[in-house]
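Below is one structure; the comments refer to it alone.
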Amino acid sequence: MESIFFLVVAAVAVISSILVVTCKNPINSALSLVMTFFCLATFYVMLDAPFMAATQVIVYAGAIMVLIIFVIMLLNVKAESGKRGSHAVFAGSVLGLFALFQTVWFLSKGSMTGATGTMDKAQIISVGHVELIGKALFTDFLLPFEITSVLLLAAIVGAVILAKKKI
Amino acid sequence: MLAIENYLILSAILFSIGTIGVLTRRNAIVIFMCIEMMLNAVNLTFIAFSRHLGNIDGQVFVFFVMTVAAAEAAVGLALMIAFFKNRESIDVEDVNLMKL
């Protein structure tokens, strides 16, 4: 049952991600990308990470995609007249497929490590996923968390500077 | 739970499709969306491994990746608007000011 569900959602994710690349109109690409994000949120739920699924839907499908669609409509981007030269398309496709082949080859060669930590399904249910992540974020990852705030400040300043009338 | 290999192969497929998009499209916004898709493929790998190894650290990393993606979206789209104001186009082939 679970594997059938996985296959269906995976098919939807792959098809919509192919549409992102092949659609001429950027708006269609953006809507297909939203579909891909929702499929990924489904996978997060299947992997017992409900909080990450909620964050995926709110941050990616909500905030970032609204920003992208806003910019597409603001700039009134027309559909692409033509693709890059056929050489570029060919070379890009070969490189991408080579990366895929390499990854799958290494996956088939090696075997997964059996190392297991303390987090399992029983703990996620009894403690709660949000609490587990919060605990890790504010103990082991406190310094990276604080540095992230500096990153966000830099992004805000950069966006404001770039949005000025004259640059 | 399904075997982790399923998730890893799916993630590899999504990442490769994103790579092909970045290398073959001309519209800067579509390239940007393909980069977001590649980041998401990596996030899926992180969460699958986190569940497989029973370690929450991978999901905290996904949190940081999302933060970086949000910052990247803000600055990248501001850059595109600034470029569009100057060139009336967001085709990456028009970005040639520093070309020799």
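Please read these numbers as outputs of a predicted model, since none were measured by experiment. Atom set for the values below is all heavy atoms of this structure, side chains included, hydrogens, waters and symmetry mates excluded. A, B, ... follow the sequence lines: proteins, then strands. Residue 1 opens every chain.
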Check: About how many Å separate CG of B/N43 and CZ of A/F37, when rounded to the nearest 0.5 Å?
Finding: 9.5 Å
Item checked: Residue-level interface, residues 64-73 of chain A with chain B, non-hydrogen cut-off under 4.5 Å -> A/I64, A/M65, A/L67, A/I68, A/V71, A/I72
Check: How many angstroms lie between OG1 in A/T103 and CG in B/L8, if you round to the nearest 0.5 Å?
Finding: 10.0 Å
Check: Checking heavy atoms, do the side chain of A/A10, its backbone, both or neither come under 4.5 Å from chain B?
Finding: both
Next item on the list: Select one option (side chain, backbone, both, neither) describing which atoms of B/I90 are under 4.5 Å from chain A's heavy atoms.
Entry: side chain
Note to self: Which atoms of B/L10 are under 4.5 Å from chain A, going by heavy atoms: the side chain, the backbone, both sets, or neither?
What the structure shows: side chain
Check: To the nearest 0.5 Å, how far apart are CG in A/L95 and OG1 in B/T24?
Finding: 11.0 Å
Margin query: Given heavy-atom pairs under 4.5 angstrom as the criterion, report whether the side chain, backbone, both or neither of B/N55 touches chain A.
Written below: backbone
Margin query: Within the structure provided, determine whether B/N40 and A/T36 are in side-chain contact (heavy-atom separation under 4.5 Å).
Written below: no
Next item on the list: State the CG-CZ distance between A/L162 and B/F83, to the nearest 0.5 angstrom.
Entry: 13.5 Å
Notebook entry, point to check: Between B/S50 and chain A, which part of the residue has a heavy atom less than 4.5 Å away: side chain, backbone, both or neither?
Noted result: both
Item checked: Side chain to side chain, B/L14 and A/L40, heavy atoms closer than 4.5 Å -> yes
Next item on the list: Tell me, with the steps shown, if A/L100 and B/F15 meet side-chain contact (heavy atoms from CB on, under 4.5 Å).
Entry: CA-CA 8 Å; A/L100 176 65; B/F15 192 88; over 6 Å; no
Check: In terms of the angle between their ring planes, are A/F51 and B/F63 parallel, tilted or perpendicular, with boundaries placed at 30° and 60°?
Finding: parallel
Notebook entry, point to check: Given the rule that I, L, V, M, F, W and Y join up when any side-chain heavy atoms are under 4.5 Å apart, are A/F138 and B/V62 in one cluster?
Noted result: yes
